[in-house]
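Everything quoted here is computed from the prediction, not taken from an experiment. Residue numbers begin at 1 in each chain, while the letters A, B, ... track the order of the sequences.
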Amino acid sequence: MALAKPQTTDMAPAYQPGDVEPAIYQRWLDADVFRPEGAGSQADWSKPPFVITQPPPNITGSLHTGHALTTTVEDLMIRRARMQGFPTLWVPGVDHASISAQVVLDKIIAKDGETRNSLGRERYLERMWLFINETREQIGNQHRRLGASVDWHRLRFTMDEGSARAVRVAFKRLYDEGLAYRGEQLINWCPRDLTSVSDLEVIATPAKGTLWSVRYHLVDANGQPLPDETITVATTRPETILGDTAVAVHPGDARYAGLVGRMVWVPFVDRIVPIIADEVVRQDFGTGAVKITPAHDQDDFETGKRHSLPLIDVMTDDGHINEHGAAFAGLALDAARTRILDELRERGDLVGEQPHDMILGRCERSGDVIEPRLKVQWFVRTKPMAAKAMAAVNEGRTTFVQAHHRKVFFDWMENIHDWNVSRQLWWGHRIPAWYCPEGHITVSDSLEGPGACDVCAKPRAELRQEEDIFDTWFSSGLWPWSTLGWPDSTPDMEKYYPTTVMETGYDILFFWVARMMMLGETLTGREPFKYVYLHGIVRDPQGQKMSKSKGNVLDPLGVINELGADALRFALLHGPEPSQDQKMSRPRLEDARNFANKIWNAARFVLSVRPAEIPSDFRLGLVDTDQLGPADHWMLERCAATLGAVESAYANFEFGEVARLLYDAIWNDFCDWYVELAKIGLSDASASAPRKRAIWSTLTWVLDRYLRLLHPLMPMLTEEIWGKFPHRASDPELLMVAPWPLASDTAVAADARLAEGATAVIELISGIRAARAQSGIEPGDILPAQVWLAHGPPSDAYGRMTDAFGRLARVQPALVDERAALADGLAVVTATGQARLTRSEADLQRERARLAKEFGNLQTQYDATHARLNDANFRSRAPEAVVEQANNRLVELGVQMDALKSRLKGS
RNA sequence: GGGCGGUUAGCUCAGCUGGUCAGAGCGCCUCGUUUACACCGAGGAUGUCGGGGGUUCGAAUCCCUCACCGCCCACCA
């Protein structure tokens, strides 16, 4: 019963992703199938467009696993939607990343001995463009390697004029509506990067500090400090004494009740400031009295406002004491602190110091301590915008796929502070505000700027543009609509806005997602996207976050080169849900590669067994359907069940489940069972040609369905294989735009009765295999076996699967009608059937010998353990746990030996 | 100080609205030259489902509580 000689195929014996993937991507580009209006698009414009909002990667970055995951998930969603016929749009882009780009460029120019300041703003920006133009292609090319089906025609760089105009118009609109304002506020200053940063970029870091107690002297009527009348305050930042404008106590604090209203002398700066009473002071902390430095502390700033205290900034931009610092001017902050402490100590006014655990704000980027400083900057009034964004969620216009993020989102939105959008950097969108000599502000959205001052009509020549640029997230926050032509009402805006799914990592929920929602609602009056899907973090095998400094990064391009992009994509999906954090490891990647190879070979097999009379330009379909047997119906039924399960997983955004379902269906159902069953049918000399055609058409039909279902996950592999298979007349050239399988799209509905029968047969085969292996029966031996199957469908199917049954279970089966008719023998029992195997005398001998040998091994161990336990030395000197372990082992061995004995007898 | 996620076989993870839910893959062990695939096939062993309470006829699955791991938010000198 040899298999018919396989036909040759042009498929390599092992899948070579390196040969396939780039070529396939090029085919897609050539066919123009990425853009919805493309020549190869099969979009059904009667359907609503499906649009992805993605985070544009930084211009300076190279592909990391986070990009790989985000791209994989987005590509998965959009490919499925595309196959479903929706017009699909995925706009790719690059973010100018102002601060990161500057850090990178600063390093580069440092090699030429230049600095930002030595070049000056204009030359620095020229240099930046040079750099950007060299690198902007890189990240895009890397996304191509991943197979991202983005619309390259709409590629957007956030420094393009399209974005620039959107930024200007957005800002002017906010300004006109009172949602953007210029004001003097306490901002977060990074003395290293020399710019303010938003609250989100300040990382609360635990630190070991010191709490010092400092004596302040009250003054007499003439303003002279009194040597003996003092009030002691507690501070962790003595250097800010130079900016003190009050001392505060709690209004209810009896200790200080008499002092409120008196004046104290601030050392070093010779300033007389009041003792005030304020509720914020905690009586039980420190001394119950606190110095107030409104220009350098958020609490103090608020207190200062309540009491109309002066604000005195004592710092320079680069972290030194400024001219307000009297004798300390010019000193670095820490040096100033040391000297101030020394001098206080000398005067006897440093009366206490104790270690103090505190939280320090550090710059996300430079790690330097963030200094709260008073600055005039531009702010976005977020409260009213946040209300709109929350309304979108409450009204169900925007849905968080993972509901728990919703709570986090609301918590942040409800407690939101105004957004400082000014950055004292050069690379980015310059704030389009102009100031006239009178101090009037003119905000303009035109490329040329304003013609004159809005207020006093001073000519343009006298206006001065704001030096600051916008926080990068201000332009990224306009992404979904600014990429579609906003503020114009373009056809793209009409068609593709609001977008469908916003997909990104949960780590930028506040930075980006929340801001898009606020800005989108405010500027476009619509929710920018219907769904928010947030993915987790890809970690190293130990669960550590990957980082270049730790050296534990997984280079996606390396993986792609070695194992293929499809393998990388599948590995990222085949594990925990992408919404969870996941650990990526070599075995997971290899497993995905193996899966790719498995499909490749299954396809190779199917192609190689095409019956000669089926023409190579065969149109896909189930032929000779009356010839379909139980196994074929079983396969069709399994395939339909998988489709149903995949659909419901997609409906719940459970992409990990999709991967699992397809992996199991293809590997187990299709390869392990159906292909094996089909081999037998195809090689059966007595089977008719129509029967063989029916089997082969089922193989191709099912494989076609699985390739379609798998395409969003492993696009290049599936495209390549699909191209080698028969298609339907109605199918396009490319799988990428071929129709998504429908439950109703079955040439013949699977016969549930026959499928059920086949299941019973398959289960019995498994049972027999297990029994054989356990009983040590030679794999090559074909044993006589009696078979009984429960009445009804199972036995019905069996009749048509006898041959397969015999070959796969390696038995010579004989069906009996009654269970009672089963003779003695090695019994196999399943839910729907039974079998009795007659072992040859040789088998019985072999098994006895094997059992005896095993018994001998156990006996040896038993004796050794027994002897050890009888050794008084061992019992008295070994740790209790070890003795107990030995005891347990002895019992366990005894039980195993008993079991063997009874089997020796029984066999 | 709040909040979120996690804790299931050695490892990575499934187990949705309580009753074939104790599973898969890897690893491990046994066997296999049945020509799609050794990046393979057949079979096997391993878990008191983090601890403790509770609800229930019945709980990895619901409630309470504790512990540990990770993360987010937070203006207390």
Handout entry: rC40(B) phosphate, OP1 or OP2, under 4.0 Å from N594(A) side-chain N/O
Key = yes
Practice task
For nucleotides rG27(B) and rC63(B), find the distance between their P atoms and express it as a whole number of Å.
Solution key: 38 Å
Exercise for the section: For D591(A), report the nucleic acid contact type (base, sugar-phosphate, nothing); a contact means any heavy atom under 4.0 Å. Expected result: sugar-phosphate
Practice task
Check every strand shown and say whether W212(A) touches a base, only sugar-phosphate, or nothing at a heavy-atom separation below 4.0 Å.
Solution key: nothing
Problem - Pairwise P distance, rA67(B) and rC75(B) [rounded to whole Å] - result: 26 Å
Exercise for the section: Tell me what E590(A) touches on the nucleic acid: a base, only sugar-phosphate, or nothing, going by heavy atoms under 4.0 Å. Expected result: nothing
Handout entry: Anti versus syn assignment for rA9(B), with syn defined as within 90° of 0
Key = anti
Practice task
Please work out if S585(A) contacts a base, only the sugar-phosphate, or nothing of the nucleic acid, heavy-atom cut-off 4.0 Å.
Solution key: nothing
Practice task
Tell me whether the guanidinium CZ or amine NZ of K598(A) lies under 6.0 angstrom from the six-membered ring centre of F670(A) and within 45° of its axis.
Solution key: no
Exercise for the section: Select base, sugar-phosphate, or nothing to describe what A770(A) touches, counting heavy atoms under 4.0 Å on all strands. Expected result: sugar-phosphate
Handout entry: Sugar-phosphate only, base, or nothing, as touched by R539(A) at under 4.0 Å among non-hydrogen atoms
Key = sugar-phosphate
Exercise for the section: Just call it for R593(A): base, sugar-phosphate, or nothing, with non-hydrogen atoms closer than 4.0 Å on any strand. Expected result: base
Exercise for the section: Using the C1' atoms only, state how far rG23(B) lies from rA14(B), rounded to an integer number of Å. Expected result: 7 Å
Practice task
Check every strand shown and say whether V281(A) touches a base, only sugar-phosphate, or nothing at a heavy-atom separation below 4.0 Å.
Solution key: base
Exercise for the section: Return the nearest nucleotide to the side chain of W667(A); candidates are rC40(B), rA77(B), rC39(B). Expected result: rC40(B)
Exercise for the section: For D672(A), report the nucleic acid contact type (base, sugar-phosphate, nothing); a contact means any heavy atom under 4.0 Å. Expected result: sugar-phosphate
Practice task
Compute the centroid of each ring, for Y533(A) and then for F655(A), and state whether the two points are separated by less than 6.0 Å.
Solution key: yes
Practice task
Side-chain contact test, heavy atoms from C-beta onward, threshold under 4.5 Å: evaluate it for L589(A) versus V559(A) and give yes or no.
Solution key: yes
Practice task
Could you tell me whether K583(A) contacts a base, only the sugar-phosphate backbone, or nothing, with contacts defined as non-hydrogen atoms closer than 4.0 Å?
Solution key: sugar-phosphate
Problem - N/O (side chain, K679(A)) to phosphate O (OP1/OP2, rA36(B)) under 4.0 Å - result: yes
Exercise for the section: Using the C1' atoms only, state how far rG18(B) lies from rC37(B), rounded to an integer number of Å. Expected result: 42 Å
Problem - Strand RNA chain B in bracket notation, Watson-Crick/G-U under 3.5 Å with | for pairs to another chain - result: (((((((..((((.....[...)))).(((((.......))))).....(((((..]....))))))))))))....
Handout entry: Below 4.0 Å: OP1/OP2 of rC39(B) and any side-chain N or O of K598(A)
Key = no
Practice task
Scan F510(A) against the nucleic acid and name what it touches under 4.0 Å (heavy atoms): base, sugar-phosphate only, or nothing.
Solution key: sugar-phosphate
